[in-house]
Amino acid sequence: MNEIVKHINDTNASYRQLSAGDAKNTDLFLDNEHYALFKDSGEQITVRFNKENLSKAILFIASILPRKFDQSSIHCTIPYSKDFVTDQLALLDALFKENGIPVETTTQIWNARKDVLQKNGKVDSRFYFNGLIKDVAFTDHSGMLCNSKFTIRNYLAGGYSDLHVKRADDGVFDIIVTNVTTPYDDGKEKGLEDTKIITPDISFNKIFYGAPGTGKSHTVEDDYVKGHKSFRITFHPDTDYASFVGCYKPSMGGPDEDQITYAFVPQVFLKAYEYAWNHPGEKTFLVIEELNRGNCAQIFGDVFQLLDRRVNDHPGFSKYKINADTDIAGYLKKHIANEDGAYEKKIIEIYGLSEFDFSIMAIPDNLYIIATMNTSDQSLFPIDSAFKRRWEWEYVRVNYDDAAQFSLKIDDKHKYNWDKVLRGLNDYIKSETHNTNKILGNRFVQAGANGVISARAFRDKVLFFLFNDVFKDDDDFKADFFGENAEDKFFEDLCITDDTKLTIRFIEGKCGAVNIATTNAQETETSEPSAE
């Protein structure tokens with residue numbers, strides 16, 4: 001036996017986005033009969049990949065997008081885009097280098113797993129490899145240096161792919177992926193993995209961050225929250241523990257309508273907490289918009305301790321418990337379902353307690369906390385490192401492909417592709433500020449129903465942002481915009497004069513955008529038949 005061919009179903013095909021962490025796709029499950037090829041090779045084998053083969057495999061993956069991919073316990077779809085292809089090929093370019101020199105093949109060490117003794121005393125008879133992930137640093141389509149993970153599972157499409165593993169004469173196992181255009185299911189992988197296992201990845205605490213207008217809230221809603229129970233809050237400077245967790249509040253009522261009574265009123269965190277515990281197995285989302293516009297240390301208080309999640313036993317539950325005050329304990333005692341002591345037994349089981357009371361709080365494994373934050377607002381309330389490390393972070397890039405469907409119209413004679421203006425504008429901002437904190441997202445300014453961004457909207461949204469946020473009191477920017485004698489100029493001057501010539505000069509000069517109104521007019525004039 002010198003080669004095996006493993007047909008791939010969804011068990012081994014779990015494409016993960018570039019920023020995803022470790023977890024389930026560290027494993028590759030094979031059939032037990034395949035073990036004969038590897039049994040004399042020890043607990044580790046060296047595998048070899050071919051760059052041309054993986055390039056073809058990822059292009060095939062791109063050709064069948066959008067498709068389901070596995071992101072911990074949450075399934076999402078990823079659309080086809082030029083940026084997807086560019087970034088994937090750039091990752092392979094970085095992977096297939098030795099000492100900075102491009103190579104056609106690269107190797108990796110895999111750990112062979114068979115008949116593994118589990119904690120419960122049972123033997124796992126399945127045959128699989130783990131340790132498939134390798135760190136890779138590459139430059140993406142926007143010129144940003146990214147840290148990602150390479151894994152063969154990114155190049156396998158469930159139902160479409162066959163994985164060929166062949167032992168070479170030098171003892172290394174060559175890995176080759178082939179694909180078919182019509183999917184099929186051989187049924188061999190059904191029930192192979194324990195679907196009850198939840199891997200501690202993005203599903204628990206995650207922050208989406210990026211430039212304003214990149215669609216962070218849209219991503220959260222469409223890719224995660226839609227179809228599930230969710231609770232929402234938007235942080236602001238006055239948000240505090242009482243407005244996030246709960247507190248006693250006065251209200252009018254009682255026997256005498258004018259009588260003031262006091263009662264504990266739960267807020268968004270406690271409502272989400274209560275719902276998740278009362279609906280085990282049902283995904284519940286707590287969504288926090290504009291996370292860094294509030295003082296997180298003040299808002300979370302002791303709840304901060306609950307954000308650490310367990311990894312090995314009872315994955316997803318809080319690693320540490322806290323003891324809430326008597327007001328919260330009284331509320332939980334009334335509102336947490338504890339039929340036949342199920343809640344009490346669960347808490348005792350997880351945290352090894354000898355006794356229980358309702359002051360004990362711990363986040364359950366079905367409560368996911370997802371937050372958004374704008375990089376342009378980082379200075380409002382700095383987030384300390386202890387808080388940061390309890391979250392997974394994902395940078396949401398500017399989607400220039402999305403911007404391409406819109407245009408910017410200054411006047412009847414000056415019209416520009418919005419993606420070209422935006423890309424030039426962001427390049428200008430990066431070159432002047434030397435960071436990406438103040439760049440603009442593709443939806444920073446909304447187009448009208450006709451897909452056109454007006455001159456007024458561009459001035460009052462984009463130029464106002466540049467003048468009063470990005471380049472405040474920056475004479476060099478004023479000179480770039482107004483020209484000579486600009487040191488005493490302000491955004492107000494632009495509004496008073498309504499001088500579109502300055503805006504046009506900036507768009508075509510500093511942003512490098514081409515006037516498509518003129519271009520189209522010239523093309524029309526050229527294409528018209530001669531009068532002769």
query = Would Phe96 and Val103 satisfy side chain to side chain contact (heavy atoms under 4.5 Å, CB included), going step by step from the backbone distance to the final call?
reply = CA-CA 5 Å; Phe96 283 88; Val103 294; 4.2 Å; yes

request  = For the pair Phe208 and Tyr224, evaluate ring pair (Phe, Tyr, Trp, His ring centres under 6.0 Å) and give the outcome as yes or no after the intermediate values.
outcome  = CA-CA 12 Å; Phe208 289 89; Tyr224 298 90; 5.4 Å; yes

ask   = Hey, what's the ring geometry for Tyr343 with Phe356, parallel, tilted or perpendicular (30° and 60° as the breaks)?
value = perpendicular

ask   = Between Phe38 and Phe129, how do the two ring planes meet: parallel, tilted or perpendicular, split at 30° and 60°?
value = perpendicular

Side-chain ([X]) to main-chain ([Y]) donor-acceptor, under 3.5 angstrom:
{"X": "Asn53", "Y": "Val177", "value": "yes"}
{"X": "Asn435", "Y": "Asn437", "value": "yes"}
{"X": "Trp277", "Y": "Ala362", "value": "yes"}
{"X": "Tyr351", "Y": "Lys346", "value": "no"}
{"X": "Asn442", "Y": "Val398", "value": "no"}
{"X": "Ser318", "Y": "Ile363", "value": "yes"}
{"X": "Gln405", "Y": "Asp402", "value": "yes"}
{"X": "Asp162", "Y": "Val5", "value": "no"}
{"X": "Trp393", "Y": "Lys388", "value": "yes"}
{"X": "Thr86", "Y": "Asp83", "value": "no"}

4.5 Å side-chain heavy-atom contact, [X] and [Y]:
{"X": "Arg167", "Y": "Asn2", "value": "yes"}
{"X": "Val303", "Y": "Phe269", "value": "yes"}
{"X": "Ile360", "Y": "Leu353", "value": "yes"}
{"X": "Glu392", "Y": "Phe204", "value": "no"}
{"X": "Thr433", "Y": "Val470", "value": "yes"}
{"X": "Phe235", "Y": "Ile233", "value": "yes"}
{"X": "Tyr275", "Y": "Lys229", "value": "yes"}
{"X": "Ser217", "Y": "Val220", "value": "no"}

Testing the basics here: between [X] and [Y], what is the closest heavy-atom pair and its distance to 0.1 Å?
{"X": "Ala386", "Y": "Asp384", "result": "N-OD1, 3.1 Å"}
{"X": "Tyr395", "Y": "Gly210", "result": "CE1-CA, 3.8 Å"}
{"X": "Tyr80", "Y": "Ala62", "result": "CD1-O, 3.5 Å"}
{"X": "Ala513", "Y": "Val421", "result": "CB-CG2, 3.7 Å"}
{"X": "Gln108", "Y": "Gly131", "result": "NE2-O, 3.8 Å"}
{"X": "Leu291", "Y": "Cys296", "result": "O-SG, 3.6 Å"}

Does the pair [X]/[Y] count as a salt bridge with the N-to-O cut at 4.0 Å?
{"X": "Asp31", "Y": "Lys6", "value": "yes"}
{"X": "Glu349", "Y": "Lys345", "value": "no"}
{"X": "Asp93", "Y": "Lys51", "value": "yes"}
{"X": "Arg389", "Y": "Asp308", "value": "yes"}
{"X": "Asp140", "Y": "Arg397", "value": "yes"}
{"X": "Asp469", "Y": "Lys438", "value": "yes"}
{"X": "Glu221", "Y": "Arg232", "value": "yes"}
{"X": "Arg48", "Y": "Asp170", "value": "yes"}

Going by distance alone, is a donor N or O of one side chain under 3.5 Å from an acceptor N or O of the other, for [X] and [Y]?
{"X": "Lys56", "Y": "Asn179", "answer": "no"}
{"X": "His164", "Y": "Thr178", "answer": "yes"}
{"X": "Asn426", "Y": "Tyr400", "answer": "yes"}
{"X": "Glu289", "Y": "Thr372", "answer": "yes"}
{"X": "Asn205", "Y": "Arg309", "answer": "yes"}
{"X": "Asn111", "Y": "Asn130", "answer": "yes"}

task = Please test Phe29 against Phe127 for ring pair (Phe, Tyr, Trp, His ring centres under 6.0 Å), starting from the C-alpha separation and ending with a verdict.
result = CA-CA 6 Å; Phe29 289 84; Phe127 172 48; 9.7 Å; no

Atom [atom1] in [X], atom [atom2] in [Y]: separation rounded to 0.5 Å?
{"X": "Thr214", "Y": "Leu440", "atom1": "OG1", "atom2": "CG", "value": "10.5 Å"}
{"X": "Asp401", "Y": "Phe84", "atom1": "CG", "atom2": "CZ", "value": "13.0 Å"}
{"X": "Leu156", "Y": "Ile8", "atom1": "CG", "atom2": "CD1", "value": "5.0 Å"}
{"X": "Tyr428", "Y": "Cys511", "atom1": "OH", "atom2": "SG", "value": "8.5 Å"}
{"X": "Thr151", "Y": "Ile133", "atom1": "OG1", "atom2": "CD1", "value": "5.5 Å"}
{"X": "Ser142", "Y": "Asp87", "atom1": "OG", "atom2": "CG", "value": "7.5 Å"}

task = For this output row, return yes or no: ring centroids of Phe60 and Tyr155 closer than 6.0 angstrom.
result = no

message = Between Phe49 and Phe150, does the ring pair (Phe, Tyr, Trp, His ring centres under 6.0 Å) criterion hold? Intermediate values first, please.
response = CA-CA 12 Å; Phe49 304 107; Phe150 163 78; 5.1 Å; yes

task = May I ask you to establish whether Arg310 and Phe317 are in a cation-pi arrangement, using a distance under 6.0 Å from NZ or CZ to the six-membered ring centre and at most 45° from the ring axis?
result = no

Tell me if the [atom1] atom of [X] is crowded by more than 12 foreign heavy atoms within 6.0 Å.
{"X": "Gln298", "atom1": "CD", "result": "yes"}
{"X": "Lys319", "atom1": "NZ", "result": "no"}
{"X": "His218", "atom1": "NE2", "result": "no"}

query = Can you check side chain to side chain contact (heavy atoms under 4.5 Å, CB included) on Lys82 and Val85, steps first, answer last?
reply = CA-CA 5 Å; Lys82 292 183 294 184; Val85 175; 5.9 Å; no

inquiry  = Set out, in order, the CA-CA distance, both residues' side-chain angles and the distance that settles ring pair (Phe, Tyr, Trp, His ring centres under 6.0 Å) for Phe244 and Phe300, then state yes or no.
reply    = CA-CA 8 Å; Phe244 179 59; Phe300 277 82; 4.9 Å; yes

